[in-house]
Number of protein chains: 4
Amino acid sequence: MSKDKIIHAAMEVFSEHGYHRASMDEIAMRAQVAKGTLYYNFPGKAQLFKTIVKQALQDIINHTCQDLDNISISIEEQIRRIIRHNLDVILESRNVAHIIFNELSNGIEPEVLDEIKALKLEYLSFIGELLEEGKRNGYIVDVQPMIAASGIIGMLQSACNYYLSHQEQMTREELEHSLFTLITQGLLTNLE
Amino acid sequence: MSKDKIIHAAMEVFSEHGYHRASMDEIAMRAQVAKGTLYYNFPGKAQLFKTIVKQALQDIINHTCQDLDNISISIEEQIRRIIRHNLDVILESRNVAHIIFNELSNGIEPEVLDEIKALKLEYLSFIGELLEEGKRNGYIVDVQPMIAASGIIGMLQSACNYYLSHQEQMTREELEHSLFTLITQGLLTNLE
Amino acid sequence: MSKDKIIHAAMEVFSEHGYHRASMDEIAMRAQVAKGTLYYNFPGKAQLFKTIVKQALQDIINHTCQDLDNISISIEEQIRRIIRHNLDVILESRNVAHIIFNELSNGIEPEVLDEIKALKLEYLSFIGELLEEGKRNGYIVDVQPMIAASGIIGMLQSACNYYLSHQEQMTREELEHSLFTLITQGLLTNLE
Amino acid sequence: MSKDKIIHAAMEVFSEHGYHRASMDEIAMRAQVAKGTLYYNFPGKAQLFKTIVKQALQDIINHTCQDLDNISISIEEQIRRIIRHNLDVILESRNVAHIIFNELSNGIEPEVLDEIKALKLEYLSFIGELLEEGKRNGYIVDVQPMIAASGIIGMLQSACNYYLSHQEQMTREELEHSLFTLITQGLLTNLE
DNA sequence: CATGAATGAGAGTTCATTCAT
DNA sequence: CATGAATGAACTCTCATTCAT
């Protein structure tokens, strides 16, 4: 199927160059289809991008949901798993994640941008609700849940960025451990 | 001075459209100079961008340094001030910050990109060293300091993004409080 | 029959957008057939267009012939009927007529264009011969019959164009009356 | 000046191919400037086209005005001059005139199209007013002046089209004479 | 010091046409 | 008899950059 080849190629190219520098020519070339085929399958660049982002976000949500909904696990373990899933996604398809969480700035067709933002918000809300519930049960400190959710996602993304450029300084386990500690306990020790 | 007008205009335009969508034409127009003048004062778009970023990052570092170096203050207060300073910068010139911390992906001339990344790293190192020292003194938990530094900056940026789109849901004080709590204490309560 | 549906749809689309802006995609869509079916039934866009024009011109000729050949009527009445028939065609399917009489400029495959021009000439000749005969019988003034024929057709088309954009200024009867007066008597009064 | 070269080349290319088939590439080539230069001097194809048409129409109006306003001449002579001027324009730059009077169909940017239509209407109004005045003075028959004006222009254009394809059949003088007769006296002789 | 006309490579998009089914 | 996925050439337009002044 051309469509699949295009999506796959587009993911690569968008990841490597970001939205604006990604060219339909290169996507077509990598997908080994003619440029016209892109436009036969997708209305335009923005919509192709949207498709990519939508799918990636949906994948994250699905994976995380699946893993958390199974059995009732402790809040601590839930957080650990959310962190691990996000790291997986970010580290595997690093730039797709980067695009989703960061490069949704300006210059993309507003309608498409709005849709993507809504999708992203959905994901944040999913985490936000988890935190909200934890708060009600007294497991989670008193913070604005959505601020915490978006803050944590930003932290993971940003830390991964650093990690990817300095892999010689630490292992993935150390990364994960540091982030888990930071997110659950915060910076400060409980010294009296 | 043309140079100052250009820098000011460039900051605006890069902020509004991001690096790729910002056009030299618009920068020249806003600076009220001819297009050629841009190239008389700067070698090219990438270098102009670098200048902007450099200055912005330097400003953040200077401000923060100045505020922290004065007197010896508690680590808690230091963190609070770092958070406040970053929020100030991010919320005031939101998009410049967004560019610095996020849009440094691909498609920018590598040499320039590397310089900017180095600059960013410098800033992270500054925070990282603060944490390192806190760690040695036992005030800061055992996490990779640079991971923590980049994670925290990402958290602030990301949370601000959310805040800026949902200002009706909370005040700036609540934002700051949530972030401070999150960063110092983490998510979990200390229930036995 | 697919062919009929296509012709009908093509007439609509060519009328609405003109030859160049009419797309085979839209014709296929409106005809509710697949795009390939167009090429199964017609060699290409130009030939499809030719078919439309041919049919439309044939219709005008037939209608007019039929109405004039029946009985022997005065030259005045013949002219009145020619005007009326043309107005009917032009005002009903305004844009098909517009295409036939005007948009046969350039950019259409020469072979097809030539055929269409021949068809148009045939129609003009039909009117030209009527005038020629009137001239021989002394009813018609001494003008080049073909110039008169093409001039009259152009006048009708152009006046209709104006009428269609300014229908509030006059009725169809007034339009017809003005044109009849103009064509039979000319502009000038017979003042001594 | 690039601008003049472009306008000149554009006039040629639009004339030869009509609006839709005229390509910016060809205009640039003929003007011997780079493609970008077109867009440096004109916002886009439609506006370039508008400039051409505007200038051509203005020329016709100016020429005709100048010739008629000088001295008070008989209505008959006025008509003769209008016919002659139009024939001059149509026969000299045949296709520009064709574009102006006919090809303003669909598929051109609406705003530009509207401006051109307004310009064309201005020209028609100029003739329409002449006829109106003649009517008040009893020199011109009782017809809707604007219908007559647009009809006459259409007649000239259409007759010229025929003439240009059949120049071997008649001279320019015969063409002009036929049209003058047709327009002033109409088709019918004044036989009792 | 500064200008702005000119450039040209490259972008996204359209669309008549083909062909295996 | 009909399909529709696939094509690729051609299109309009953008924009960082150059250079004569």
Side-chain angles (χ1 to χ4, degrees), chain A residues 1-3 5-6 20-28 31-49 109, chain B residues 1-3 5-6 19-29 31-49 109, chain C residues 1-3 5-6 19-29 31-49 109, chain D residues 1-3 5-6 20-28 31-49 109:
Chain A
M1 273 295 90
S2 282
K3 203 160 191 166
K5 284 196 291 178
I6 291 169
H20 291 300
R21 284 294 255 213
S23 85
M24 295 299 264
D25 270 283
E26 191 174 351
I27 293 173
Q32 304 206 54
V33 297
K35 213 169 13 166
T37 309
L38 300 189
Y39 290 89
Y40 182 75
N41 286 283
F42 299 90
K45 189 185 183 182
Q47 286 82 359
L48 174 55
F49 183 61
E109 276 71 8
Chain B
M1 270 303 86
S2 280
K3 203 158 190 165
K5 285 196 291 179
I6 292 170
Y19 179 75
H20 290 301
R21 287 297 253 208
S23 84
M24 296 298 265
D25 271 279
E26 191 172 351
I27 293 171
M29 219 186 63
Q32 304 204 46
V33 298
K35 217 167 159 185
T37 310
L38 299 189
Y39 288 87
Y40 181 77
N41 286 282
F42 299 90
K45 188 184 182 182
Q47 286 82 358
L48 174 54
F49 183 60
E109 277 70 4
Chain C
M1 271 303 86
S2 280
K3 203 159 191 164
K5 284 196 290 178
I6 291 170
Y19 179 75
H20 291 300
R21 287 295 255 208
S23 85
M24 296 298 265
D25 271 278
E26 191 173 351
I27 294 172
M29 219 188 61
Q32 302 204 42
V33 299
K35 215 167 157 186
T37 311
L38 299 190
Y39 289 87
Y40 181 77
N41 286 282
F42 299 90
K45 189 184 182 183
Q47 286 83 359
L48 174 53
F49 182 60
E109 277 73 3
Chain D
M1 273 295 92
S2 281
K3 204 159 190 166
K5 284 195 290 178
I6 292 169
H20 290 301
R21 286 294 255 212
S23 86
M24 294 301 263
D25 269 284
E26 190 175 351
I27 293 173
Q32 304 207 55
V33 298
K35 221 194 318 196
T37 309
L38 301 190
Y39 289 90
Y40 181 76
N41 287 282
F42 299 91
K45 189 184 182 182
Q47 285 83 358
L48 175 54
F49 182 61
E109 276 70 7

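Chain letters run A, B, ... following the sequence lines, proteins first, then strands; residues in each count from 1. What you see is a predicted model, and the numbers here were worked out from it, not measured in a lab.
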How would you summarise protein contacts on nucleotides 14-21 of chain E per nucleotide, using B for base, S for sugar-phosphate only and - for none, with heavy-atom distances below 4.0 Å?
B-BBB---
Rounded to the nearest 0.5 Å, the CG atom of D:N41 sits from the CD atom of D:Q47 at a distance of 13.0 Å
Given that C:A34 and A:S2 both sit by DNA chain F, which one's nearest nucleotide is further toward the 5' end?
C:A34
Nucleotide E:dC1, atom P - distance to CZ of B:F42 in whole Å:
13 Å
What is the minimum heavy-atom distance between D:I27 and D:L38, and which atoms define it?
CG2-CD2, 4.1 Å
Scanning both residues in full, the closest heavy-atom pair of C:M24 with C:G44 reads CE-C, 4.2 Å
Show your working on side chain to side chain contact (heavy atoms under 4.5 Å, CB included) between D:H20 and C:Y19 and close with a plain yes or no.
CA-CA 9 Å; D:H20 290 301; C:Y19 179 75; over 6 Å; no
Interatomic distance, B:N41 CG vs E:dC1 C1' [rounded to whole Å]:
9 Å
Heavy-atom closest contact (C:A22 atom, C:K45 atom, distance)
O-NZ, 2.8 Å
Using whole Å, report how far CD of C:Q32 lies from P of F:dT3.
11 Å
Stem list, DNA chain E (Watson-Crick or G-U pairing under 3.5 Å, at least 3 consecutive pairs):
E:2-21 with F:2-21
Can you confirm if the NZ or CZ of D:K3 lies within 45° of the ring axis of D:F42 and under 6.0 Å from the centre of its six-membered ring?
yes
List in chain and number order the residues that pass salt bridge (charged side-chain N to carboxylate O under 4.0 Å, His left out) with A:K5, two or more places apart in sequence or in another chain; answer none if no residue qualifies.
none
Length of the CE-P vector between B:M29 and E:dA2, whole Å
20 Å
In short, C:V33 meets C:S2 closest at the heavy-atom pair CG1-OG, 3.9 Å
